[in-house]
Amino acid sequence: MMGKITFYEEKNFQGRSYECMSDCSDMSSYMSRCQSCRVESGCFMVYERNNYMGQQFFMRRGEYNDMHRMQSMGMMFDNIRSCRMIPYHRGQFRMKIYERENFGGQSNEMMDDCDNIQDRYRMSDCQSCNVMDGHWLMYEQPHYKGRMMYMRPGEYRSFRDMGMSGQRFMSMRRITDMC
């Protein structure tokens, strides 16, 4: 299933636009800023900086007419510089989380959402993980609140190395949307 997102320089889908149907690491050559967007199909992660860096926000099908209003939905930045399409995953979800960097400390394997690792696993922190199956969103606070990070299959030895210094993750959710 293909995804399609259109970014606009001005609020309410006005001004220059850029249509995207895959990953885009740098939107600055297409537009100077992004103040609204429309997700026609698929799911996307949008990023505050080029090359999928900085704060992130998950967007599903819908219309987002004002980036400043998005802050009430948890988006903690006001301009989009890059985006990544999230492929739909069929099958099981598996991720192993670790208390410390480099897969150290206490670990737990997850196959479903966890709204609070402290309550469920008695873990005070999550600083590395191995995503075996599926695509996940990790949140800095319990109950899927605060800044988020998109995790696709792979090993993540240190969130700090990914530009997320000082960030800890306390809840995780599977991306099960077909959008």
Side-chain angles (χ1 to χ4, degrees), residues 1-91 93 95 113 115 129 131 133-154 156 159 161-179:
M1 181 169 166
M2 287 295 280
K4 181 178 175 185
I5 187 169
T6 305
F7 300 97
Y8 298 87
E9 280 190 329
E10 303 299 331
K11 296 176 185 177
N12 299 312
F13 319 111
Q14 301 294 310
R16 274 194 341 194
S17 65
Y18 171 63
E19 187 176 285
C20 188
M21 294 174 39
S22 63
D23 297 353
C24 178
S25 64
D26 184 1
M27 292 178 12
S28 62
S29 59
Y30 304 107
M31 54 197 327
S32 60
R33 65 180 179 197
C34 174
Q35 295 297 305
S36 59
C37 69
R38 183 178 283 132
V39 180
E40 294 181 37
S41 61
C43 295
F44 288 83
M45 243 9 235
V46 295
Y47 300 81
E48 98 179 295
R49 297 194 334 241
N50 296 339
N51 298 313
Y52 320 111
M53 298 297 286
Q55 295 188 45
Q56 311 173 24
F57 190 74
F58 177 70
M59 301 185 97
R60 59 177 45 99
R61 188 178 176 150
E63 294 189 342
Y64 304 88
N65 66 344
D66 183 353
M67 284 298 140
H68 294 302
R69 273 204 201 134
M70 295 293 298
Q71 292 174 347
S72 67
M73 297 173 59
M75 186 170 179
M76 301 191 182
F77 52 97
D78 62 4
N79 199 3
I80 298 170
R81 294 288 182 200
S82 56
C83 73
R84 179 166 272 152
M85 189 180 81
I86 301 172
Y88 178 65
H89 175 75
R90 288 185 172 94
F93 287 76
M95 174 171 57
D113 300 349
D115 68 349
C129 72
V131 177
D133 294 301
H135 299 261
W136 298 74
L137 289 176
M138 298 179 74
Y139 297 82
E140 70 177 339
Q141 298 171 15
H143 308 290
Y144 318 115
K145 299 205 183 304
R147 292 186 295 178
M148 62 180 75
M149 186 165 69
Y150 167 53
M151 309 299 284
R152 55 188 181 177
Y156 300 89
F159 300 142
D161 292 347
M162 299 170 63
M164 306 304 268
S165 65
Q167 184 150 352
R168 49 189 272 188
F169 294 101
M170 299 302 293
S171 55
M172 297 80 184
R173 174 181 280 164
R174 299 163 296 155
I175 301 175
T176 58
D177 303 62
M178 276 188 67
C179 301

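Counting heavy atoms from C-beta on, the side chains of Thr6 and Glu40 come closer than 4.5 Å. Between Arg152 and Arg84 the shortest side-chain heavy-atom distance falls below 4.5 Å. Taking the side chain as every heavy atom from C-beta outward, His135 and Pro153 approach each other to under 4.5 Å. Two residues are said to be in side-chain contact when any heavy atoms from C-beta on lie closer than 4.5 Å; Met148 and Phe57 meet this criterion. Within the 4.5 Å cutoff, the side chain of Phe7 has heavy atoms near those of the Cys83 side chain. Two residues are said to be in side-chain contact when any heavy atoms from C-beta on lie closer than 4.5 Å; Gln14 and Ser36 fail this criterion.
Here the CE-OH distance, from Met31 to Tyr18, works out to 10.0 Å after rounding to the nearest 0.5 Å. To the nearest 0.5 Å, atom CD of residue Gln56 and atom CE of residue Met151 are 9.0 Å apart. Atom CE of Met45 sits about 10.0 Å away from atom CE of Met59, to the nearest 0.5 Å. The CD1 atom of Ile86 sits 13.5 Å away from atom OH of Tyr88, with the distance rounded to the nearest 0.5 Å. The CD atom of Gln55 sits 12.5 Å away from atom CD1 of Ile80, with the distance rounded to the nearest 0.5 Å. Atom CZ in Arg81 sits 13.0 Å away from atom OG in Ser25 (nearest 0.5 Å).
Arg173 pairs by the side-chain contact (heavy atoms from CB on, under 4.5 Å) definition with Asp113, Tyr139, Tyr144, not counting sequence neighbours.
Panel note: side chain Glu48, backbone Gly54; no donor-acceptor pair is recorded below 3.5 Å.
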If you apply the rule side chain to side chain contact (heavy atoms under 4.5 Å, CB included), what do you find for Cys37 with Met67, and how did you get there?
CA-CA 8 Å; Cys37 69; Met67 284 298 140; 3.6 Å; yes
Give the intermediate values and the outcome of side chain to side chain contact (heavy atoms under 4.5 Å, CB included) for residues Tyr30 and Cys20.
CA-CA 11 Å; Tyr30 304 107; Cys20 188; over 6 Å; no
Step-by-step side chain to side chain contact (heavy atoms under 4.5 Å, CB included) determination, Glu19 to Lys4:
CA-CA 7 Å; Glu19 187 176 285; Lys4 181 178 175 185; 3.1 Å; yes
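Tyr64 and Arg60 get closest at one heavy-atom pair: OH-O, 2.8 Å. Nearest heavy-atom pair, Val131 versus Met95, reported as atom, atom and distance to 0.1 Å: CG2-SD, 3.7 Å. Taking both residues in full, the closest heavy atoms of Tyr8 and Gly15 are given as CD2-O, 4.4 Å, listed atom of the first, atom of the second, then distance. When all heavy atoms are compared, the tightest approach of Pro87 to Tyr150 is CD-OH, 3.9 Å. Across every non-hydrogen atom of Met27 and Cys34, the tightest pair is CE-CB, 4.4 Å.
Applying the ring-ring contact (aromatic ring centres under 6.0 Å, His included) test between Phe169 and each of Trp136, Tyr156, Phe159 identifies Phe159 as the sole match.
Salt bridge Arg33/Glu9: absent, no basic N to carboxylate O contact under 4.0 Å.
Cation-pi geometry between Arg38 and Phe13 is met: under 6.0 angstrom from the ring centre, within 45 degrees of the axis.
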